[in-house]
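Data block below; observations after.
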Amino acid sequence: MLIVGVSGSPRNQATEYVLGQALDLLGQKGFETKLWTVRGKSIHYCMHCNYCLTHKTCAYQDDLQELYDLLSTAQGISFASPVYSGGISAQLKTVMDRTRSILATDKNFFRGKIGMGITVGGDRAGGQELAQMQIHTFYLMNGIIPVSGGSFGANLGANLWSKDTLEGVKLDTEGLTGTQKNR
Ligand SMILES: Cc1cc2nc3c(=O)[nH]c(=O)nc-3n(C[C@H](O)[C@H](O)[C@H](O)COP(=O)(O)O)c2cc1C
């Protein structure tokens, strides 16, 4: 069973670190895992040109194509986002918006896959829960079965506090425990 982690951070810092930790834990449980990141990628945002509705592919053949190939074989997905302006990053939002082209070909592309969420904010309560809900809303809209860690620690998923640094997120031991609880 393949679980694909998608980091929505343009940096190799807290979000990518936490996602890596979560995937390592899943690997120890016997899952095959792959981490894909927006970092360093060329990704055009959706222009609502509707090219995909008639051509069944996106007008922009950029670095997102490799993610679509990965997602097509995944049974599990873990979107991870830094909190930007109280919600998910523009980069992760673009990943979501651009799936319009794969959904134009197969509206059941995501149906039945399992979805988890990870968010990392610089502030302790800087919008992590809203960012989680944006991730879970995408899951619900596409037939992805959302999972979390449930009560006592990771209610909506793993939400972390980085104090804006990689070192800071490593000190958020309570938040990191949330990655163990996502199930
Ligand atoms: C444009 C921008 C907006 C941000 N907005 C928020 C915010 O609303 N709430 C918050 O807690 N942190 C905010 N941050 C801080 C980041 O969430 C934090 O530094 C996080 O660790 C970044 O993830 P990274 O280390 O993986 O890059 C913002 C950072 C940037 C660059």
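Heads up: numbering here begins at 1 and tracks the sequence. Computed from heavy atoms alone, side chains included, the values below leave out hydrogens, waters and symmetry copies. Computed from a predicted structure; not experimentally measured. Read the numbers this way: they start at 1 and go in the same order the structure lists the ligands and their atoms.
For ligand 1 and Val120, the ligand atoms under 4.0 Å from any heavy atom of the residue are 17 (O), 20 (C), 21 (O). Distances below 4.0 Å separate heavy atoms of Ala14 from the following atoms of ligand 1: 21 (O), 24 (P), 25 (O), 26 (O). Close contacts of ligand 1 with Pro82, meaning ligand atoms under 4.0 Å from a residue heavy atom, involve 22 (C), 23 (O).
A donor-acceptor pair under 3.5 Å links the side-chain atoms of Gln132 to the main chain of Gly117, judged by distance alone. For the pair Lys56 (side chain) and Ala104 (backbone), a donor-acceptor distance under 3.5 Å is present.
Distances from atom 24 (P) of ligand 1 to the heavy atoms of Pro10, Gly86, Ser9 show the closest one on Ser9. Distances from atom 14 (N) of ligand 1 to the heavy atoms of Thr37, Val83, Thr15 put Val83 nearest. By heavy-atom distance, the residue among Asp164, Thr119, Asp123 lying nearest atom 11 (O) of ligand 1 is Asp123.
Of the N or O atoms in Gly121, none lie within a sub-3.5 Å distance of an N or O in ligand 1. In terms of polar-atom proximity, defined here as any N/O pair under 3.5 Å, Gly126 does make such a contact with ligand 1. For ligand 1, the polar-atom distance check finds an N/O of Ser85 within less than 3.5 Å of one of the ligand's N/O atoms.
In terms of protein heavy-atom proximity, atom 27 (O) of ligand 1 is closest to Arg11 NE, 2.8 Å. Nearest protein heavy-atom neighbour of atom 2 (C) of ligand 1: Tyr84 CD1, 3.6 Å. Counting only heavy atoms of the protein, atom 10 (C) of ligand 1 lies nearest to Gly122 N, 3.5 Å. Counting protein heavy atoms only, atom 21 (O) of ligand 1 is closest to Ser162 OG, 2.6 Å.
When every heavy atom of Met133 is checked against every heavy atom of Thr137, the shortest pair comes out as O-OG1, 2.5 Å.
Remark: Lys34 fails to qualify as a cation-pi partner of Trp36 under the 6.0 Å distance and 45° angle criteria applied to the six-membered ring. Under the 6.0 Å distance and 45° angle rule, Lys107 does not count as a cation-pi partner of Phe110.
The aromatic rings of His55 and Tyr51 sit parallel to each other, their planes meeting at less than 30°, with 60° as the upper class boundary.
Between Arg39 and Glu16 a salt bridge is recorded (basic side-chain N to carboxylate O distance below 4.0 Å). The residues Asp62 and Arg98 are annotated as salt-bridged, a charged nitrogen and a carboxylate oxygen being separated by less than 4.0 angstrom.
In Glu174, the CD atom is not crowded: 12 or fewer heavy atoms of neighbouring residues, nucleotides or ligands sit closer than 6.0 Å.
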